[in-house]
Colleague: 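Sharing a structure with you now.
Everything numeric in this text was worked out from a predicted model, so none of it was measured. Atoms considered below: every heavy atom in the structure, side chains included; atoms not considered: hydrogens, waters and symmetry mates.
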Amino acid sequence: MYRVWEERKQKMLYLRLLMRLILGASSLLLREVDYGAKFIEFYAEEAKRVYGEIIPATLPDRRLFVLKQPVGVAGAITPWNFPLAMITRKVGPALACGCTVVVKPSEFTPLTALAAAELALQAGIPPGVVNVVMGNAPDIGDALLTSPQVRKITFTGSTAVGKKLMAGAAGTVKKVSLELGGNAPCIVFDDADLNVAVNGA
């Protein structure tokens, strides 16, 4: 996984050009390549610390042993905004824990997901570990939810879709991680500098 981080240094220009082609020339979008790569670096380092522990038991002749194991295939559904960072924020921890991933990117930004998957292959991640599916979002969501092979769903997006995913995951008792809302409130007081407030929002 750490090799993915190293490879990204050489592939930065490719991703920046792709992001510019897809989303425009905003410097914020170009900085997203660095932002997304840092998630891979962070989880590559965290993977070194995935180990079990022995916990003292209340009975003297017993030991409690915690063993951390992969949950299995993770289904990652990502939004259009920050298309690379949202993918690496979901794929990084899954890989660090030993899970394979099926990424369903936004239909508005599929090329970023395909480029990220290709870079993972080039960095040595075996085929079939990071997968990308595109198409009708409800159909793909239903397939991920009903599949017994998919053991975890991670989603960033609207509360309405998150509720549907959570309800659908109950049928196969999947683990679910949701980042919902999509609205970042900004309270502006009477004495605020409106230009600074607008730029910070």
Colleague: Locate the shortest heavy-atom distance separating Val132 from Ala113; write the atom from each residue and the value.
Modeller: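 Smallest interatomic distance, heavy atoms only, reads CG2-O, 3.7 Å.
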Colleague: Just verifying a value: how many Å separate Asn81 CG and Ser106 OG, rounded to the nearest 0.5 Å?
Modeller: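 With rounding to 0.5 Å, CG (Asn81) is 8.5 Å from OG (Ser106).
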Colleague: Without swapping roles, check the side chain of Thr109 against the backbone of Thr112 for a donor-acceptor pair under 3.5 Å.
Modeller: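 No; judged by distance alone, with no hydrogens or angles, the pair does not exist.
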Colleague: Is the closest basic N to carboxylate O distance between Glu46 and Arg49 below 4.0 Å?
Modeller: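 Judged by the 4.0 Å cut-off on N to carboxylate O distance, Glu46 and Arg49 do form a salt bridge.
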Colleague: Check whether any side-chain heavy atom of Leu64 lies under 4.5 Å from a side-chain heavy atom of Ile54, and answer yes or no.
Modeller: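 Result no, sub-4.5 Å side-chain heavy-atom pair not found.
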Colleague: Quick one: does any side-chain atom of Arg151 pair with a main-chain N or O of Thr172 as donor and acceptor, under 3.5 Å?
Modeller: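 Checked: pair present.
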Colleague: For a quick test of reading the model, state the closest non-hydrogen atom pair linking Pro70 to Cys97 and the distance between them.
Modeller: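 Nearest heavy atoms, Pro70 then Cys97: CG-O, 3.2 Å.
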Colleague: Report yes or no: does Lys152 contribute a side-chain atom to a donor-acceptor pair with the main-chain N or O of Lys174 at less than 3.5 Å?
Modeller: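 No.
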Colleague: How about Arg62: does its CZ atom have over 12 heavy atoms from other parts shown lying under 6.0 Å from it?
Modeller: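 Open.
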Colleague: Leu144 versus Ile153: any side-chain heavy-atom pair under 4.5 Å?
Modeller: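 They are in contact (side-chain heavy atoms under 4.5 Å apart), so the answer is yes.
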Colleague: Is it the case that atom OH in Tyr51 sees more than 12 heavy atoms from other parts of the structure closer than 6.0 Å?
Modeller: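 Result for OH/Tyr51: open.
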Colleague: So does Gly36 get a backbone contact from the side chain of Thr88, meaning a donor-acceptor N/O pair under 3.5 Å?
Modeller: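 The answer is yes, because a donor-acceptor pair under 3.5 Å joins these two groups.
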Colleague: Do the side chains of Arg89 and Glu179 get close enough for a salt bridge, i.e. N-O under 4.0 angstrom?
Modeller: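 Looking at Arg89 and Glu179, the cut-off is met.
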Colleague: Calculate, to the nearest 0.5 Å, the distance between atoms OG1 and CG belonging to Thr154 and Leu178 respectively.
Modeller: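 Atom-to-atom, Thr154:OG1 and Leu178:CG are 7.5 Å apart.
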Colleague: Taking the side chain as C-beta and beyond, is there a heavy-atom pair between Leu145 and Leu165 under 4.5 Å?
Modeller: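 Result yes, sub-4.5 Å side-chain heavy-atom pair found.
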Colleague: Measure across Ala116 and Leu84 and return the closest heavy-atom pair with its distance rounded to 0.1 Å.
Modeller: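 Scanning both residues, the minimum pair turns out to be CB-CD1, 3.9 Å.
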Colleague: Identify the heavy atoms of Val130 and Ile125 that sit nearest to each other, and give their distance.
Modeller: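 The pair with the smallest heavy-atom distance is CG2-CG2, 4.1 Å.
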Colleague: Kindly determine whether Ile87 and Phe39 satisfy side chain to side chain contact (heavy atoms under 4.5 Å, CB included), including the steps that lead there.
Modeller: CA-CA 9 Å; Ile87 291 169; Phe39 284 117; over 6 Å; no
Colleague: Is the closest side-chain heavy-atom distance between Val101 and Val73 below 4.5 Å?
Modeller: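 Val101 does not reach Val73 side chain to side chain.
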Colleague: May I have the step-by-step check of side chain to side chain contact (heavy atoms under 4.5 Å, CB included) for Leu194 and Val188, ending in yes or no?
Modeller: CA-CA 8 Å; Leu194 289 180; Val188 180; 3.7 Å; yes
Colleague: Could you tell me if the side chain of Leu121 sits less than 4.5 Å from the side chain of Pro127, heavy atoms only?
Modeller: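 Yes, at least one pair of side-chain atoms sits under 4.5 Å.
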Colleague: Answer yes or no: are there more than 12 heavy-atom neighbours, outside Met166 itself, under 6.0 Å from its atom CE?
Modeller: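 Atom CE in Met166 is not packed in, count stays at 12 or less.
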Colleague: Would Val103 and Val91 count as a side chain to side chain contact (heavy atoms under 4.5 Å, CB included) here? Give the steps.
Modeller: CA-CA 8 Å; Val103 177; Val91 170; 3.7 Å; yes
Colleague: What are the two closest heavy atoms between Gly135 and Lys104, and how far apart are they?
Modeller: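 Heavy atoms of Gly135 and Lys104 come nearest at O-CE, 4.4 Å.
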Colleague: Dump the intermediate steps for side chain to side chain contact (heavy atoms under 4.5 Å, CB included) on Tyr43 and Leu95, then the final yes or no.
Modeller: CA-CA 8 Å; Tyr43 288 109; Leu95 294 180; over 6 Å; no
Colleague: Side-chain donor-acceptor pair under 3.5 Å between Lys90 and Thr78, yes or no?
Modeller: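 No, Thr78 and Lys90 have no side-chain donor paired with an acceptor closer than 3.5 Å.
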Colleague: Under 3.5 Å, side chain of Thr146 to main-chain N/O of Asp142, donor-acceptor pair present?
Modeller: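 Here the side-chain-to-backbone pair exists.
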Colleague: Evaluate whether atom CG of Asp61 has more than 12 neighbouring non-hydrogen atoms of other residues, nucleotides or ligands under 6.0 angstrom away.
Modeller: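 For Asp61, atom CG is crowded (more than 12 foreign heavy atoms under 6.0 Å).
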Colleague: Can you give me the closest heavy-atom contact between Pro105 and Pro110, atom names plus distance?
Modeller: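 Pro105 and Pro110 have their closest heavy atoms at CG-CA, 4.2 Å.
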